[in-house]
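Okay, structure first, notes after.
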Amino acid sequence: MIDELLAYQEADGRLRAVEQKIAATDERKKYVTARKFLEKAPEKLDALDARAEELKHMFARLQKKSEELAETVKDYENLGEMIGQQGGEIGFYKKNATQISDSLRGLKAEIARLRQSVEEAAKEYAAAKKQTIAMQRQYKEYREKYNEIKEAHAGEIAGLESELKKLGENVPKETLVKYTAKRKEKIFPVVCEVKGNRCPQCGMELSIAEQSRLEGGNFIECDSCRRILFKRKQ
């Protein structure tokens with residue numbers, strides 16, 4: 001049974017090599033980059049849009065408050081005429097006018113900072129929108145190129161998959177299921193022959209109990225790299 005499983009793995013390795021060759025192409029890398037960007041783009045643009053709307057409302061609120069304070073300051077410009085020449089009261093109103101003027105200056109400074117934030121948010125949104133459009137073009141262009149590459153290897157892949165299907169008929173179903181699961185976890189080679197007392201892939205030293213099981217013709221799983229290990233009987 002081990003020879004059949006190794007024959008299956010050898011054919012699977014050839015299929016994996018073709019898959020890796022396709023995955024390493026510049027066309028696929030650019031296609032995947034654009035696809036991942038576009039998957040997240042709507043969420044990012046919505047967040048920037050919401051931030052811009054929030055800043056817009058804040059700006060309008062502060063602007064209104066600034067205008068109200070400016071009108072109040074005007075009311076104090078002719079302070080003497082409003083209250084006559086009563087020194088005490090003039091002092092009181094002048095103090096209020098000073099406080100309002102200080103508040104107005106602070107508010108204007110806050111508005112200036114907010115205006116800058118609005119401009120920065122607008123620039124960020126414009127840049128994100130521009131990048132999204134560029135990525136849409138890249139996605140379309142490289143999706144077509146990537147599909148062409150896959151099509152060029154389709155016959156080879158189909159042949160290897162057919163070979164694997166036939167070889168898999170000679171491997172116990174339970175073993176094949178376990179092998180396939182590990183293959184999906186990007187583990188390769190999945191099955192390895194042990195010739196000493198260590199895993200041939202990761203170098204993990206095997207316990208005496210594990211070595212005993214191997215000597216008895218059993219499969220074990222490496223605790224470190226999770227590969228399926230076996231040992232041929234002498």
Side-chain angles (χ1 to χ4, degrees), residues 15-79 81-82 91-154 156-157 183-188 225:
L15 175 60
R16 179 173 177 268
V18 175
E19 293 173 340
Q20 288 183 323
K21 182 179 179 180
I22 294 173
T25 60
D26 189 56
E27 289 80 0
R28 181 186 178 278
K29 290 177 181 177
K30 289 188 175 180
Y31 160 72
V32 171
T33 297
R35 186 191 66 193
K36 289 182 177 179
F37 178 90
L38 292 174
E39 286 173 353
K40 297 179 180 179
E43 182 180 349
K44 181 178 180 179
L45 288 174
D46 287 345
L48 288 173
D49 198 31
R51 175 59 177 162
E53 193 66 22
E54 179 186 1
L55 290 172
K56 179 181 176 181
H57 287 310
M58 288 173 63
F59 185 83
R61 186 170 63 252
L62 291 178
Q63 189 68 34
K64 182 179 179 182
K65 187 175 180 181
S66 174
E67 292 170 358
E68 291 173 350
L69 284 177
E71 288 297 321
T72 303
V73 169
K74 286 182 180 179
D75 292 339
Y76 283 90
E77 288 179 353
N78 301 315
L79 202 57
E81 297 178 6
M82 290 171 56
F92 171 77
Y93 284 107
K94 280 186 175 181
K95 183 179 179 181
N96 282 351
T98 300
Q99 290 175 343
I100 294 172
S101 295
D102 290 343
S103 296
L104 182 58
R105 280 193 295 272
L107 193 57
K108 286 182 176 179
E110 189 176 351
I111 288 174
R113 289 193 295 270
L114 187 58
R115 181 181 285 110
Q116 184 178 354
S117 296
V118 170
E119 292 173 355
E120 290 173 353
K123 288 180 181 178
E124 186 178 2
Y125 182 87
K129 189 69 176 180
K130 184 178 180 181
Q131 188 177 12
T132 299
I133 292 172
M135 282 298 181
Q136 286 172 337
R137 292 172 181 165
Q138 179 174 314
Y139 174 81
K140 182 179 179 181
E141 177 184 355
Y142 285 93
R143 179 183 59 182
E144 293 175 359
K145 292 182 177 180
Y146 175 48
N147 286 336
E148 289 173 2
I149 291 174
K150 288 196 296 182
E151 185 62 30
H153 290 85
E156 184 180 7
I157 290 174
R183 176 79 157 82
K184 289 180 179 178
E185 295 173 11
K186 310 298 182 182
I187 295 175
F188 197 88
C225 66

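We number each residue from 1, following the sequence as shown. Just the heavy atoms: all of them, side chains too, but no hydrogens, waters or symmetry mates, feed the values below.
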Handout entry: Trace of the salt bridge (charged side-chain N to carboxylate O under 4.0 Å, His left out) decision for E54 with R51
Key = CA-CA 5 Å; E54 179 186 1; R51 175 59 177 162; 3.5 Å; yes

Handout entry: side-chain contact (heavy atoms from CB on, under 4.5 Å) evaluation trace for E27 with E148
Key = CA-CA 10 Å; E27 289 80 0; E148 289 173 2; over 6 Å; no

Name the atoms and distances for all side-chain donor-acceptor pairs under 3.5 Å in residues 121-141, with sequence neighbours left out.
from: T132; atom 1: OG1; to: A128; atom 2: O; distance (Å): 2.7
from: Q138; atom 1: NE2; to: K30; atom 2: O; distance (Å): 2.8
from: E141; atom 1: OE2; to: K145; atom 2: NZ; distance (Å): 2.9

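- Atom OH of Y142 and atom OG1 of T25 lie 10.5 Å apart (nearest 0.5 Å).
- For K150, the side-chain contact (heavy atoms from CB on, under 4.5 Å) criterion is met by I22, Y146, N147, not counting sequence neighbours.
- Taking 4.0 Å as the cut-off between side-chain N and carboxylate O, K40 and E43 do not count as a salt-bridged pair.
- Residue E151 places its CD atom among 12 or fewer non-hydrogen atoms of other residues, nucleotides or ligands, all under 6.0 Å distant.
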